[in-house]
Protein chains: 2
Amino acid sequence: MTDMSTRPASPTLDEVAVLAGVSRATVSRVINDSPRVSPEAREAVQAAVAELRYVPNRMARSLVTRRTDTIALVLNEPNTQVFSDPFFASIVRGLSATLADTDLNLVLLTARDEREQEKVGRYARQGHVDGVILMSLHSQDPLPDILAVAGVPLVLCGRPFDGREVAYVDADNSGGAVVATEHLLGTGRRRIATVTGPLDMIAGVDRYAGWRQALTAAGVEPDPALVAEGDFTEAGGRRAMEELLARAPDLDGVFVASDPMAAGALRALRAAGRRVPEDVAVVGFDDAAVAETTDPPLTTVAQPLADMTPLLTELLMRQIDGVAGPAESRICQTHLVRRASA
Amino acid sequence: MTDMSTRPASPTLDEVAVLAGVSRATVSRVINDSPRVSPEAREAVQAAVAELRYVPNRMARSLVTRRTDTIALVLNEPNTQVFSDPFFASIVRGLSATLADTDLNLVLLTARDEREQEKVGRYARQGHVDGVILMSLHSQDPLPDILAVAGVPLVLCGRPFDGREVAYVDADNSGGAVVATEHLLGTGRRRIATVTGPLDMIAGVDRYAGWRQALTAAGVEPDPALVAEGDFTEAGGRRAMEELLARAPDLDGVFVASDPMAAGALRALRAAGRRVPEDVAVVGFDDAAVAETTDPPLTTVAQPLADMTPLLTELLMRQIDGVAGPAESRICQTHLVRRASA
DNA sequence: GTGAAAGCGCTAACAA
DNA sequence: TTGTTAGCGCTTTCAC
């Protein structure tokens, strides 16, 4: 077991400076794309950098600039199953795509219990990241407070449950549900059920609220028998739909609060011998805005992910740069997508 | 738009020292749990730390210690769908559980294309992390070379395709497949099929090899008609099983290379009117080693995740501490689990 | 356009 | 046990 603790010491700025025949300051200027460098000096430095395979030491740089050029996406969720949530995957993909052209790095942090939340909080406060995008899917979450106290720039992905003063970006969930329900109403349906999301998630609550709102506005009294709570999964959607069919066999339409659940609901409907959409019309809410979901409902409300991810980083950067107003937030419009086969 | 770029300047070690009436060095010692501090000094410092809400500046510390106390789990995978892979989720969960008791942080990095791989490589080389655990599920991956050249400690999660000199931890995939196939052989079956994983993933290749090996050892010639390639998903497993049933209706057993695929295979078998296990016996390979999978096969080979995650961090830490032999690797034993209903 | 010099906040000898 | 001192590698005034 030889002692290998002597890792190939990476070259420093000084060594580059010596090799290039200039001062440290000049090398630094070249590294940082300062315009105040002569072409000759620039070339000499670049050659030296290439020869030495020089990579700036981030710690040294961050110590003085107070920037790490990395932001964290924190996933605050006790359930490991979130990873399989298409919405989560889409956000990750969208964020890294947004940052691909920049020199910002994205790291994912997970926090499954209070200890891990503390750890994430510490990580952020210690200065590892410039800011945090937080996805906390369920109601209670201490992280916003931890980070706020520490003054770490923060944007929530999803409207917070309490009306707290914090920046966030969310889709217009209730608006989307209203549109979906109005679409069903517009085809003459009146016994419109809903398979809700989990009611301890804001997206579940808001979509349910939208369903109620649209019905009420149309003079239809929301019937508790027409409401079944799902869990955003296909299996849960199927179960909820079966429940609804047992409780209210006369339903003629259903707004399903997520696309996987809609796929499950469709299976339940077909298993029960109901025809779709002739007999029962289905509108789903597509978190991932993916067209090629397995067994999709005929019409869906698309989550505006393409709008959300750039906004998340933009709002965060504004805070980091210190040019953000208090708790600047945004709601992105959702829109109905009618499938060809509808 | 007021200028808020003046974030609440966090207190420094000096301020703590002044408040506690000691020197910086003493504060540093207390922070780092040095035993060479008097109880009184320790208390005074701790009080000051609490009062000032002092949090050490990681950049300054790392600059001198050359440690960041964070390791990265890099997910090198073009397909976003990996997130829904139970194996991946289990590894993440296992790693953060392993690190929960330590002061090491875990960050997830994703790399979907060459640009993102470069970015991840840069991130690591710049010194943001002490080491990298790399999950590269498909064959070609430039990251090991990038990191190796830069001297960044690296452990692969999964045996590399080429026989390269690099540390890795993997399950005994071929051994597990052998055990599974032998189990089927032991019940007197001879027409044993297999639903393989993707053959551009090492786990797929190794499990397929184990199936061949067990058959050959038992004097049974592997029949190409009894092989169908799946993609580790339930839908893929169902498709592959249907293919097998069409091609070789006389099969009397099947080794399915993942649990989700096994669930799909079971559905295909039932849809075809086959009885399980009387008619066709099924053994699945359970990557997540989760007992409560939907619709599980009767008998499974369990992936030894509980062994793998501690080993991954252990091997990585040994490299970081410079006490690792060249490319130290480990294979973890898999084992057959017979379900009660079997 | 370039260099000299002063730190950023911390740790780690080395003295005391 | 404690304090003093010298950096870690970089950016950034400020002179030149």
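Chain letters run A, B, ... following the sequence lines, proteins first and then strands; every chain starts at 1. On a predicted model such as this, the values are computed, not experimentally measured, just so you know.
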Between [atom2] on [N] and [atom1] on [X], what's the gap in Å once rounded to a whole number?
{"X": "A/N57", "N": "C/dC8", "atom1": "CG", "atom2": "P", "value": "18 Å"}
{"X": "B/R125", "N": "D/dG9", "atom1": "CZ", "atom2": "C1'", "value": "17 Å"}
{"X": "B/D69", "N": "C/dC10", "atom1": "CG", "atom2": "P", "value": "15 Å"}
{"X": "A/M59", "N": "C/dG7", "atom1": "CE", "atom2": "P", "value": "24 Å"}
{"X": "B/L13", "N": "C/dG9", "atom1": "CG", "atom2": "C1'", "value": "7 Å"}
{"X": "B/L63", "N": "C/dT11", "atom1": "CG", "atom2": "C1'", "value": "10 Å"}
{"X": "A/R58", "N": "C/dC8", "atom1": "CZ", "atom2": "P", "value": "19 Å"}

I want to verify a distance call: between [options], whose nearest atom is closest to the [X] side chain?
{"X": "B/R36", "options": "C/dG3, D/dT1, C/dA12", "result": "D/dT1"}
{"X": "B/V22", "options": "D/dG3, C/dG3, C/dC10", "result": "D/dG3"}
{"X": "A/A60", "options": "D/dT2, D/dC10, C/dT11", "result": "D/dC10"}
{"X": "B/R61", "options": "C/dT11, D/dT2, D/dC10", "result": "C/dT11"}
{"X": "A/A25", "options": "D/dT5, D/dG9, C/dA4", "result": "C/dA4"}
{"X": "B/V64", "options": "D/dC10, C/dA12, D/dT2", "result": "C/dA12"}

[N] phosphate, OP1 or OP2, under 4.0 Å from [X] side-chain N/O:
{"X": "B/T65", "N": "C/dT11", "value": "no"}
{"X": "A/N32", "N": "D/dT11", "value": "yes"}
{"X": "B/T26", "N": "D/dG3", "value": "yes"}
{"X": "B/R66", "N": "C/dT11", "value": "no"}
{"X": "A/S28", "N": "D/dT12", "value": "no"}
{"X": "B/T12", "N": "C/dG9", "value": "no"}
{"X": "A/S38", "N": "C/dT2", "value": "yes"}

Among [options], find the one that has a side-chain contact (heavy atoms from CB on, under 4.5 Å) with [X].
{"X": "B/V49", "options": "B/V55, B/V30, B/I31", "result": "B/I31"}
{"X": "A/R24", "options": "A/V16, A/D14, A/V18", "result": "A/D14"}
{"X": "B/I71", "options": "B/L99, B/V107, B/L312", "result": "B/L99"}

Task: CA sep, side-chain torsions, deciding dist, call: A/K119, B/D103, salt bridge (Lys or Arg N to Asp or Glu O under 4.0 Å) - done: CA-CA 9 Å; A/K119 216 167 170 178; B/D103 53 0; over 6 Å; no
Open item on the list: At less than 3.5 Å, do the side-chain atoms of A/R29 and the base atoms of C/dG3 form a donor-acceptor pair?
Closed with: yes
Open item on the list: Counting neighbours of CZ on A/R53 that are heavy atoms of other residues, nucleotides or ligands and sit closer than 6.0 Å, is the number greater than 12?
Closed with: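 Atom CZ in A/R53 is not crowded, with 12 or fewer foreign heavy atoms closer than 6.0 Å.
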Open item on the list: Heavy atoms only, 4.0 Å cut-off, all strands: where does B/R24 land among base, sugar-phosphate and nothing?
Closed with: base
Task: Over all atoms of both residues, closest heavy-atom pair of B/M59 and A/G127 - done: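 It is CE-O, 2.9 Å.
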